[in-house]
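Written out below as structure tokens is the structure these notes cover.
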Amino acid sequence: MTVTGRPYRRRKDVTVVSLLLLVLAAVLGPTPSSAAGNHWWDPTARPTPDSQINVTGEPFTGTDAKGEVRGFVDAHDHLFANEAFGGRLICGKTFSEAGIADALKDCPEHYPDGSLAIFDFITKGGDGRHDPVGWPTFKDWPAHDSLTHQQNYYAWVERAWRGGQRVLVNDLVTNGVICSVYFFKDRSCDEMTSIRLQARMTYDLQAYIDKMYGGPGKGWFRIVTDSAQARDVIKQGKLAVILGVETSEPFGCKQILDISQCSKADIDAGLDELYSLGVRSMFLCHKFDNALCGVRFDSGSLGTAINVGQFLSTGTFWKTEKCTGPQHDNPIGSAAAPGAEAKLPAGVSVPSYASDAQCNVRGLTDLGEYAVRGMMKRKMMLEIDHMSVKAVGRALDIFESEAYPGVISSHSWMDLNWTERVYGLGGFIAQYMHGSEGFVAEADRTKALRDKYDVGYGYGTDMNGVGGWPGPRGADAPNKVVYPFRSVDGGSVIDRQTTGQRTWDLNTDGAAHYGLVPDWIEDIRLVGGQDVVKDLFRGAESYLHTWGATERHQAGVNLAKGAGATASSTEWNPFTSYAPGRAVDGSRDTRWASGWSDDQWLRIDLGSTDRVGRVTLDWERAYGKSYRIELSTDGAHWQTAWSTTSGDGGLDTALFAGTPARYVRIQGVERGTGWGYSLHEVGVYSS
């Protein structure tokens, strides 16, 4: 920040200035709160003036009868998006040492009437004009349909905590291309620089809140770096805050004309740095294809605008192909986005796309796979929202091959056909903060799977994420929220939220800011019934279950690595070897390839009898459509442990009951291509 210069004051004025500063500190600095008492959840000193919380009653602590934590989880929020995109896209701050009047004020260019609120009218429509005054009147913002104003003021987050939320994932977010093309900015567009700043600001917010409660470690906002810490925080009744990353070019891994601009060393250094900052979950791509993976498209005029950004960033537009399974990416469509298209060079236009080709041709790249495996080594959780279905499919294949549970879908940007695979791995799913009717409908579609896998549910508010939030259902809507109401646990009473001169009512204002999350959950209960909210109240436990299992994961011992291997045939090549042993040498750069006929086999001798329960097959392009996994203790008598008639290549994982075996045979029945069978690597594991 740049501090405005002040005229030089002579020494004789120092005493007067000092007195004025003391008065100013008394007004703006932490002072005993009028609501403060002997309650642990009340601060001993709160800035005055400040927002009201409008929740009474003690926050619940401890665990339930089964020893599980309770509470809601927001798996996707952006506390400090105002620091991203060049610092002037989201107006207002999450907190300010100078008080609420400084925190909740509009961007300079929005004054006097919003005429220059360019991003406002791009995203909201109309002419962008609005009353820029925030504190204390808040006439026009925050609002459910204003995408450019602060929604995460710390006291509003406090209200959500008091209403029952116990986990918040703060995704550090930015986008270098949006920053570069936006007219107003006051800082660099480098993505990693912004990520570092937002991480530091999150720790600063923790310290800011701690001061209100008497010192380090005493506040309700607790940044945690492992699941055990999170459980301890929630047992105390406080909010566990986890750092994630959602950015388009992590570690500088952009691609230009399909050429990667980063290396494996960059990925390792980037992952190490993020981990040291406290980051435990992240996206590998977001909005634009990069050197790691392809994205799941946006649709409509927004999709066209982002496709323009894709071209400006990478030199290429999105490319599509027909999907090979039930999953698909979002349709791009042909809606115009004149403002964005005007940024294209002369003679360049956004291509049209066939309606029956809805999948991104770009999946998980070799560097992307390296990053996924690097996250696994560091026990980090992968966010699969925004990845193309081709990229998600490969990532899930890798996780299944290693029985790795660390997979998260945090805000409805995943094809729902992946739901069971995510739950089968032990992953966690949260839904975008849709309106109550839409939220309940989507929750109902996946309810049976939650019951089958005995898991809770989450929401992703995506506040400050330029997405839009639930609008009002109306003062006369059926089953409207009636104030005051009780929290889900029954221990707190929640009334309409007031900040300054403005009081918000979910029925007439919608989800205008983070403080209305408890009101929105009450709306879900009234519209969808107690079962949906019951699943949400189990969200904190389920999220921590996934995180804890990720931390405890141990890579299995590959019994096949370096083992003896024989085959029915080997493709001859004068320049390289495709011998059977190449499929068990521990390298994806080599492979075994058979002759070009259906009835072929590869046999692996483990050297001694061991328990075998999982076999992984990393196919080259020449894959098996129909094949069997056979086991034997003597090499003469075989039993089929697993089989398929619908193989589609890629990385297959065969899971079956653990069986004693010394020999493992992959018996080809039908090829998937005109070539033979070709395997980069075969893995054999006990479990």
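Because only heavy atoms are used, hydrogens play no part in the values below, and waters and symmetry mates are left out as well, while side chains stay in.
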[X] side chain vs [Y] backbone, donor-acceptor pair below 3.5 Å:
X      : Y      : answer
Ser248 : His286 : yes
Asn307 : Trp318 : yes
Ser388 : Val295 : no

Tyr543: side chain to side chain donor-acceptor pair (under 3.5 Å) partners, not counting sequence neighbours: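 Tyr543 satisfies side chain to side chain donor-acceptor pair (under 3.5 Å) with no residue once adjacent residues are dropped.
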Is NZ or CZ of [X] both nearer than 6.0 Å to the six-membered ring centre of [Y] and within 45° of the ring axis?
X      : Y      : answer
Lys377 : Tyr275 : no
Lys93  : Trp135 : no
Arg159 : Tyr514 : no

How are the rings of [X] and [Y] set to each other: parallel, tilted or perpendicular (split at 30° and 60°)?
X      : Y      : value
Tyr459 : Phe72  : tilted
His386 : Trp413 : tilted
Phe311 : Phe317 : parallel

Between Trp220 and Val233, is any pair of side-chain heavy atoms under 4.5 Å apart?
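Not in contact.
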Is any side-chain heavy atom of Glu321 closer than 4.5 Å to one of Lys390?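 Yes, their side chains come closer than 4.5 Å.
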Could you grab the distance from atom SG of Cys359 to atom CG of Asn330, nearest 0.5 Å is fine?
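Those atoms lie 10.5 Å apart.
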**Study point:** Phe95: which of Tyr208, Trp156, Tyr153, Phe221 passes ring-ring contact (aromatic ring centres under 6.0 Å, His included)
**Key:**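 Between Phe95 and the candidates, ring-ring contact (aromatic ring centres under 6.0 Å, His included) is satisfied uniquely by Tyr208.
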